[in-house]
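Everything numeric here is computed off the predicted structure, so don't read it as measured data. Naming: A, B, ... by sequence-line order, numbering from 1 per chain.
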Amino acid sequence: MSEPKENPLEKIASLCKRRGFIFQSSEIYGGINGFWDYGPLGAELKRNVKELWWQTMVLQRDDVAGLEATIIMHPGIWRASGHVDTFADAMIDCKTCKGRFRADQISEIPCPQKPSKKVSECAGEKTAPRAFNLMFKTCVGPVESEENVAYLRPETAQAIFAQFKNVLETSRQKVPFGIAQIGKAFRNEITPRNYTFRSREFEQMELEFFIRPDEVVEAVSGSVAAPVSKGHPGRPGADWGWQLWHQYWVEERIRFYGNIGLPRATLEEYWQSDQELAHYARATVDLLFKFPFGTQELEGIAARSDFDLSQHQRFSGKTMGVFDDELKAAWEKLPKERQDALWRRYYEHRKKYLARMGVAEEQAARTATDDANGLARGQYIPHVIEPSAGVDRLILALICHAYSEDQAPDEKGKLETRTVLRFHPRVAPIKAAVFPLLKNKPELVARALAVRDLLRPHMNVFYDEAGAIGRRYRRQDEIGTPFCLTIDFETLGEKGEALKDTVTLRDRDTMSQERIKIPELLSFLLSKIH
RNA sequence: GCGAGCGUAGCUCAGUCUGGUAGAGCGUCACCUUGCCAAGGUGAAUGUCGAGGGUUCGAAUCCCUUCGCUCGCUCCA
């Protein structure tokens, strides 16, 4: 109880609170489980990360468009996505064996303690069936009733699918292209754990990248390029099928993490096995980070086939298909046997999907035939590659990775522990701190404020004149500020013309100092933070 | 949801067993000092001891409830 904290996560949580990165939500009322607030520095850090993602995924590309959808949507969306069914099972707990079972399965599942008997027959004391819904529920309109129940979205992805046609028509994009969104999502987790890692309210950065089905690629390009090696496959080609697109996005995402200070070596790629894959997924790669509490997922890059758009097409009755004039033109020129082969493959995929979703055999065959006939008219439902990242767990990963303690000599040469957040300058909440060497010298203060004002329009800078200079450096180390600028008597020209108008530039990681001319400061710092 | 442990200042913790109404270190703020890596001096602010209820003349301390945190189960589309 009185032991000093050794768990790194506890040290990090203390630092985050002490310095204003992360607070517990509603703390003055005792807190609320699974909800976290970002303080001044955390808010800057998160803004930087989201801005970099948006820059990388949307603004610096010409094949991705943005979207910002509502949190509350038509409940039909969650029926189509499967969330209402899979989230809303009635569960029964056994007080004897501590097991939890779906109420509709207790006569099939064997009791964990007495496997000879089914759960419904064993002697364990059981609770009444309880609704177990992981989606937050609310009512639209002032009257609370079953008819106006709505849910807070448990993921941002579905809004992208629901608005797919609107975006397609207004953005002047053609498949392959993507729709990106950053936004809040809500899950009523049973056990929020591990600091902010699994929260009930969290933010996602998701891209749904729509591609041609392989049959269409083959019809248009003659063949589907196969992945040849590991690593980034380079610039996208017209003959890429889903496998290359999937590999491309895995590598693009790893690059992104490298650019914000999580190099490849800090991540682990985990390819889900066939047993783990969701039934509609063709492949899913999780990008994992080694948190102090275990190696956990930061992002999943899933090849989701045409499942999502197909579901919304079936449930909404609106077509989610696209018209592709290249396909139409190419199809006409294909020899009959190639047409038939591609038709057959597309037909089988569609029929398999429909059958799995419970569509009757005959109806499935009819619908799949219609779908396959669409190919000749240039019509198909796009497939999708989904890189989906959690912002808050990325923030936590950045802080955990940045956190370090090293030994630095103090004034008397004694070694002291120095706590440093080694953020990449791109994400650091404060880019540069500006100090007058002494605060009781008005010339130094005035000059320091002038340097602050020079930089402030371009980056987040922090001015500090309180305390000894060493203490001010250490304060900035602890919040991850990469550069400190000290205005001293050399700056004022007291040590000769050569040093006039230069400042001390102190580096957070090496603690080394160099002189830099004030007119060169801005371009130097911008080169480091961009 | 179940079981165990914990909750005292911004942070880390002492005080709880043996009821007598709150402390330390660090941090923060102000002033002085300070010529480049947590220096020194003086002063200050901050706790309904997680919350609610009970026992008692008196509760941080004992009891109950509740909320929160941690760990183990469970769950994890």
What integer distance in Å separates A/Glu465:CD from B/U34:P?
16 Å
So, A/Tyr353 and A/Arg314: side-chain donor and acceptor under 3.5 Å apart, yes or no?
yes
Sequence neighbours left out, what passes side-chain contact (heavy atoms from CB on, under 4.5 Å) with A/Glu478? Give chain and number order.
A/Leu15, A/Arg18, A/Arg19, A/Thr419
Quick one: list whatever passes side chain to side chain donor-acceptor pair (under 3.5 Å) with A/Arg452, sequence neighbours left out.
none
Those residues at least two apart in sequence (or on a different chain) that pass side chain to side chain donor-acceptor pair (under 3.5 Å) with A/Asp509 are A/Arg422
Counting side-chain heavy atoms from C-beta on, which of B/U12, B/C37, B/C36 comes nearest to A/Arg474?
B/C37
Show your working on side chain to side chain contact (heavy atoms under 4.5 Å, CB included) between A/Phe202 and A/Lys184 and close with a plain yes or no.
CA-CA 6 Å; A/Phe202 57 98; A/Lys184 286 284 181 81; over 6 Å; no
Between B/C11, B/C37, B/C36, which nucleotide has the shortest distance from any of its atoms to the side chain of A/Met511?
B/C37
Heavy atoms within less than 4.0 Å of RNA chain B: which residues of residues 501-509 of chain A have one? Give them sorted by number.
A/Thr504, A/Arg506
Could you tell me how far apart A/Leu438 (CG) and B/C32 (C1') are, to the nearest whole angstrom?
13 Å
Can a donor-acceptor pair be found between the side chains of A/His312 and A/Gln158 at a distance below 3.5 Å?
yes
Pick the C1' atom in B/C17 and in B/C2, then give their distance to the nearest Å.
29 Å
In whole angstrom, what separates A/Arg472's CZ from B/C36's P?
12 Å
May I ask which nucleotide in the shown strands pairs with B/C26, Watson-Crick or G-U wobble, both distances under 3.5 Å?
B/G10
Rounded to whole Å, the CG-P distance (A/Asp464 to B/C37) equals 17 Å
Using distance alone, with no hydrogens and no angle criterion, decide if A/Glu206 and A/Thr156 have a side-chain donor and acceptor under 3.5 Å apart.
yes
Tell me: CG of A/Leu492 to P of B/G35, nearest whole Å?
15 Å
Got a sec, which residues hit side chain to side chain donor-acceptor pair (under 3.5 Å) with A/Tyr195, two or more places apart in sequence or on another chain?
none
In residues 429-443 of chain A, what donor-acceptor pairs under 3.5 Å come from side-chain atoms, sequence neighbours left out?
unit_1   : atom_1 : unit_2   : atom_2 : d
A/Lys431 : NZ     : A/Pro425 : O      : 2.9
A/Lys431 : NZ     : A/Arg426 : O      : 3.0
A/Lys431 : NZ     : A/Ala428 : O      : 2.9

Using a cut-off of 4.0 Å on non-hydrogen atoms, how would the nucleic acid contact of A/Leu437 be classed: base, sugar-phosphate, or nothing?
base
Could you go over nucleotides 27-31 of chain B and give all protein N or O partners under 3.5 Å, atom names and distances?
unit_1 : atom_1 : unit_2   : atom_2 : d
B/U28  : OP1    : A/Arg475 : NH1    : 2.7
B/U28  : OP2    : A/Arg471 : NH1    : 3.4

Mind checking who B/U70 pairs with, Watson-Crick or G-U wobble, both distances under 3.5 Å?
B/A4
Which whole-number value in Å describes the distance from A/Glu478 CD to B/C26 C1'?
11 Å
What interatomic distance, in whole Å, is found between P of B/C13 and the corresponding atom of B/U56?
36 Å
Which part of the nucleic acid does A/Gln24 contact within heavy-atom distance under 4.0 Å: base, sugar-phosphate only, or nothing?
sugar-phosphate
If you measure from the C1' atom in B/U8 to the same atom in B/U42, how many Å do you get, rounded?
29 Å
Does B/C11 have OP1 or OP2 under 4.0 Å away from a side-chain N or O of A/Lys17?
yes
Could you let me know what B/A60 is paired to, Watson-Crick or G-U wobble, both distances under 3.5 Å, or none if it's on its own?
none
Under 4.0 Å between any heavy atoms, over every strand shown, what does A/Gly20 touch: base, sugar-phosphate, or nothing? Just pick one.
nothing
Distance-only criterion, 3.5 Å: show the donor-acceptor pairs between side-chain atoms of residues 276-284 of chain A and protein atoms not counting sequence neighbours.
unit_1   : atom_1 : unit_2   : atom_2 : d
A/Glu276 : OE1    : A/Tyr270 : OH     : 2.7
A/Glu276 : OE1    : A/Ser273 : N      : 2.9
A/Glu276 : OE1    : A/Ser273 : OG     : 3.0
A/Glu276 : OE2    : A/Tyr270 : OH     : 3.0

Using residues 296-304 of chain A as the side-chain source, report each donor-acceptor pair under 3.5 Å to any protein atom, sequence neighbours left out, with the distance given to one decimal.
unit_1   : atom_1 : unit_2   : atom_2 : d
A/Glu299 : OE1    : A/Arg253 : NE     : 3.0
A/Glu299 : OE1    : A/Arg253 : NH2    : 3.0
A/Glu299 : OE1    : A/Tyr257 : OH     : 2.5
A/Glu299 : OE2    : A/Arg253 : NE     : 2.8
A/Arg304 : NE     : A/Asp308 : OD1    : 3.4
A/Arg304 : NE     : A/Asp308 : OD2    : 2.7
A/Arg304 : NH2    : A/Asp308 : OD1    : 2.7

Under 4.0 Å between any heavy atoms, over every strand shown, what does A/Phe35 touch: base, sugar-phosphate, or nothing? Just pick one.
nothing
Over how many whole Å does the gap from A/Ile12 atom CD1 to B/U70 atom C1' extend?
16 Å
Result for 5'-nearest mapping on RNA chain B, choosing between A/Arg200 and A/Tyr280, is A/Arg200
Out of B/C36, B/G35, B/A39, minimum distance to the side chain of A/Ala468 belongs to B/A39
Interatomic distance at C1', B/A51 relative to B/G43, whole Å:
35 Å
Starting at atom CG of A/Leu485, determine the distance to atom C1' of B/C37, rounded to an integer number of angstrom.
15 Å
Should we say atom NZ of A/Lys50 is surrounded by more than 12 heavy atoms from elsewhere, each under 6.0 Å from it?
yes
Work out how far the C1' atom of B/A9 is from that of B/C26, and round it to whole angstrom.
12 Å
Under the salt bridge (Lys or Arg N to Asp or Glu O under 4.0 Å) rule, what pairs show up with a residue in residues 389-398 of chain A, not counting sequence neighbours?
A/Lys46-A/Asp392
Residues at least two apart in sequence or cross-chain that pass side chain to side chain donor-acceptor pair (under 3.5 Å) with A/Thr510, listed by chain then number, are A/Asp507, A/Ser512
Interatomic distance at P, B/C69 relative to B/U12, whole Å:
15 Å
Which nucleotide, if any, forms a Watson-Crick or G-U wobble pair with B/C17, using both distances under 3.5 Å?
none
5'-most contact on RNA chain B: A/Lys495 or A/Thr419, nearest heavy atom basis?
A/Lys495
What is the nucleic acid contact for A/Asn440, judged by heavy atoms within less than 4.0 Å: base, sugar-phosphate only, or nothing?
base
Nearest to the A/Arg198 side chain among B/C37, B/U34, B/C76, which nucleotide is it?
B/C76
Watson-Crick or G-U wobble partner of B/C31, both distances under 3.5 Å
B/G41
When you check the phosphate oxygens OP1 and OP2 of B/C71, does a side-chain N or O of A/Asn194 lie under 4.0 Å from one of them?
yes
For nucleotides 42-52 of chain B, just jot down a letter per nucleotide in 5' to 3' order: B, S or -, based on protein non-hydrogen atoms under 4.0 Å.
-----------
Please state whether the rings of A/Phe291 and A/Phe197 are parallel, tilted or perpendicular, taking 30° and 60° as the class boundaries.
perpendicular
